[in-house]
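Please read all numbers here as calculations on a predicted model, not as lab measurements.
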Amino acid sequence: MRKLLKRMQRREIIMCLICSFLLLGQIYFDLKMPDYMSALTVLIQTPGSAISEVWITGAKMLLCTLASAVLCIACGYLAAKVASGFTFVLRRDLFTHVSALGQQEMLGFSVPSLITRTTNDITQIQMVIAMGLQALIKSPVMAVWAILKILGKSWELSLVTAGYVVVICVTVTLIVTSVLPRFRIVQRLTDKLNRIARENLTGINVVHAFNAEEYQNHKFDQTNQEMKSTQLKNQRTFAVLQPLMGLGMNGLSLTIFWVGAALLSGMPVSDPAGRLTMFSNIMVFSTYATYVVMSFMMLVMIFMLLPPAEVSAERINEVLDTKPAIQEGTKEDGTEVGTLEFRHVSLRYPDAAEDDLHDVSFQVKQGQTLAIIGATGSGKTTLVSLIARFYDATEGEVLIDGRNIKEYTFDALYNKLGYGTQKAVMFSGTVAENIAFGACRTEITSQTIDRAISLARASEFVSKMDGGTNYKIAQGGRNVSGGQKQRLSIARALARNPEILVFDDSFSALDYRTDATLRAGLTRELANTTKIIVAQRISTIRHADQILVLDEGRIVGDGTHEELIRTCPVYREIAMSQLSDAELAQ
């Protein structure tokens with residue numbers, strides 16, 4: 001928690017200091033009350049006291065109460081401002097940091113866990129700051145101040161108070177120590193519940209189609225029951241604290257009165273002034289001792305929130321302390337334009353037993369079309385992911401425009417690329433916002449969007465949408481078909497006007513006619529743009545300038561369609577499974 005608090009902004013720190021001074025004022029007025037109570041007791045018990053003095057003392061007590069209330073309200077307001085401001089900054093920093101993490105780091109946390117850390121864990125921190133800022137400052141200060149005010153009045157009563165304080169501290173320490181490990185379990189179970197719920201909602205159609213509702217419910221109930229039992233243990237343990245505190249406070253008052261009565265009865269009757277002073281001290285001591293116990297009760301309430309917040313802080317720090325494995329370079333430009341080269345590139349995923357790509361080398365010049373084909377799991381997506389630096393090569397170099405991609409800044413690298421992902425991803429927003437998504441070196445105008453839509457052969461359905469390019473896309477693109485999402489994803493890549501276009505199986509949901517028309521338009525309109533196409537269909541890639549055939553992460557064929565039909569058994573096998581004898585002969 002301390003590490004997170006170092007991120008607090010100057011504005012929040014100033015408000016914390018102001019809140020601290022206001023709390024000191026509130027404690028001062030609260031602790032003045034017993035003094036006035038003692039004076040009032042003496043006035044009432046002293047014969048001949050003027051009623052005006054009683055009224056004045058009572059008015060001072062009322063003013064102290066009002067001043068304490070006003071300061072309490074001001075402190076509560078400032079504490080809420082500090083908590084909301086701090087968690088706003090923390091949530092922003094966490095979201096920004098997660099956005100900068102690469103695939104390797106994302107796999108280490110899992111998406112449900114990162115969602116929980118960005119939402120639930122930060123809420124735990126906010127609750128502790130909002131409720132605990134006052135108590136963490138007020139309780140120890142009030143306890144120490146009250147103890148100092150009563151120390152010189154009676155060593156017997158001081159000893160009784162000290163004994164109760166020791167018992168309370170030991171009890172709280174034991175309880176907090178016992179529940180802290182279980183709160184870590186609760187947070188992990190929260191991640192698991194989030195993951196199960198997210199899987200169920202994402203795949204709800206599959207769940208219905210396979211009649212798996214009971215199975216999913218059972219899987220959720222298992223984790224839910226485990227979380228319930230763990231939380232019950234925590235809450236039952238904490239439930240002991242409140243009655244113990246109440247028993248301690250009331251027991252302390254009774255003990256003080258009992259010991260005080262014994263001390264009072266031991267004083268000679270011939271000393272009425274001394275007995276009156278002792279009686280007054282007992283009343284004041286009882287009030288101060290109650291303040292001491294109340295201070296510890298406030299701390300106990302914070303300790304009930306502190307363990308889960310401490311666990312949440314550890315989980316947040318775990319993410320913030322994770323450094324992205326992929327760091328950007330400093331170069332903005334290359335020595336060439338639109339070229340791509342792999343030099344003896346190999347890649348092994350973290351914790352993998354062997355390489356997924358083995359000694360891959362090829363070169364593509366500006367304006368050429370490179371196609372990549374191979375069986376499922378042969379490494380096609382892995383290869384093109386290296387171009388966009390989703391991973392860095394374990395061995396070898398990937399060069400764009402004659403320069404190693406590790407030397408480019410991220411802005412420079414991604415301004416050179418237009419990337420169509422294997423799974424078309426749509427964001428909530430309009431069609432135009434999805435196509436103009438992200439930062440780009442050139443301004444994406446409405447004309448640019450229209451041209452990209454036309455090139456992607458998406459005009460036929462965008463023009464029929466209500467509002468055209470202003471049509472609202474639902475979260476995840478649920479209100480458009482798979483083929484429409486792919487064409488919009490292709491349009492998003494084209495709108496950037498990049499030097500190199502990368503299509504990772506981006507034509508798989510298109511029919512043959514749309515596929516052919518789209519590729520013909522790209523060849524005609526983007527003659528100077530280098531195109532990298534990953535595909536499963538021979539018809540999509542047969543006219544490419546260069547075709548790479550991958551098998552188990554190795555290049556087993558490199559050439560044109562005609563060359564590979566003659567020389568590459570793997571390619572010929574794929575072609576024979578998709579093309580007719582006449583097409584093969586042709």
Side-chain angles (χ1 to χ4, degrees), residues 1-17 19-20 79-137 172-173 175-195 198 223 227 230-231 234 238 299 301-328 350-351 410:
M1 180 73 79
R2 189 183 307 162
K3 190 174 182 179
L4 277 185
L5 292 177
K6 291 180 181 178
R7 293 176 170 270
M8 192 171 286
Q9 302 294 307
R10 183 178 179 184
R11 178 169 171 266
E12 278 78 35
I13 293 174
I14 292 173
M15 284 195 287
C16 284
L17 293 174
C19 188
S20 300
K81 290 279 288 183
V82 170
S84 59
F86 174 67
T87 51
F88 167 79
V89 173
L90 183 59
R91 191 177 292 111
R92 181 195 64 195
D93 290 348
L94 186 61
F95 184 85
T96 304
H97 187 77
V98 169
S99 299
L101 295 179
Q103 292 285 343
Q104 181 176 335
E105 294 80 28
M106 293 286 285
L107 291 173
F109 289 108
S110 83
V111 173
S113 178
L114 288 172
I115 292 173
T116 304
R117 294 173 200 234
T118 311
T119 53
N120 180 66
D121 286 344
I122 290 182
T123 301
Q124 296 281 357
I125 304 294
Q126 183 172 354
M127 287 175 59
V128 167
I129 295 176
M131 300 177 65
L133 181 60
Q134 298 180 73
L136 287 173
I137 299 173
V172 171
T173 302
I175 289 175
V176 170
T177 304
S178 66
V179 301
L180 190 59
R182 289 201 292 266
F183 273 114
R184 291 191 176 92
I185 296 173
V186 168
Q187 294 300 86
R188 287 198 296 269
L189 290 173
T190 303
D191 289 345
K192 192 173 180 180
L193 280 176
N194 192 359
R195 176 180 59 78
R198 190 169 180 269
T223 306
M227 186 172 184
T230 308
Q231 282 283 53
N234 290 337
F238 276 135
L299 281 177
M301 292 177 63
I302 299 305
F303 283 140
M304 293 175 68
L305 296 173
L306 201 56
E310 187 65 34
V311 174
S312 295
E314 290 175 7
R315 286 158 52 85
I316 293 169
N317 279 324
E318 187 182 2
V319 178
L320 292 174
D321 291 342
T322 301
K323 302 300 181 185
I326 297 176
Q327 300 293 326
E328 66 178 331
D351 302 323
F410 289 146

Distance (rounded to the nearest 0.5 Å) between [X] [atom1] and [Y] [atom2]:
{"X": "Ile122", "Y": "Arg91", "atom1": "CD1", "atom2": "CZ", "value": "5.0 Å"}
{"X": "Leu90", "Y": "Thr87", "atom1": "CG", "atom2": "OG1", "value": "7.5 Å"}
{"X": "Ile316", "Y": "Glu314", "atom1": "CD1", "atom2": "CD", "value": "10.5 Å"}
{"X": "Arg198", "Y": "Leu193", "atom1": "CZ", "atom2": "CG", "value": "14.5 Å"}
{"X": "Asn234", "Y": "Gln231", "atom1": "CG", "atom2": "CD", "value": "5.5 Å"}
{"X": "Glu12", "Y": "Met15", "atom1": "CD", "atom2": "CE", "value": "4.5 Å"}

May I ask you to test the [X]-[Y] pair for a side-chain heavy-atom distance under 4.5 Å?
{"X": "Thr190", "Y": "Asn194", "answer": "no"}
{"X": "Ile14", "Y": "Arg11", "answer": "no"}
{"X": "Val98", "Y": "Arg117", "answer": "no"}

Between [X] and [Y], what is the shortest heavy-atom contact and its length?
{"X": "Arg315", "Y": "Asp121", "answer": "NE-OD2, 2.7 Å"}
{"X": "Pro324", "Y": "His97", "answer": "CD-CE1, 4.5 Å"}
{"X": "Gln126", "Y": "Ala83", "answer": "O-CB, 3.7 Å"}
{"X": "Leu101", "Y": "Thr322", "answer": "CD2-O, 3.8 Å"}

Review point. Just wondering, more than 12 heavy atoms not from Phe410 lying within 6.0 Å of its CZ?
Key: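 Buried by this count: over 12 neighbours within 6.0 Å.
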Review point. Taking it one step at a time, do Ser99 and Phe95 satisfy side chain to side chain contact (heavy atoms under 4.5 Å, CB included)?
Key: CA-CA 6 Å; Ser99 299; Phe95 184 85; 3.7 Å; yes
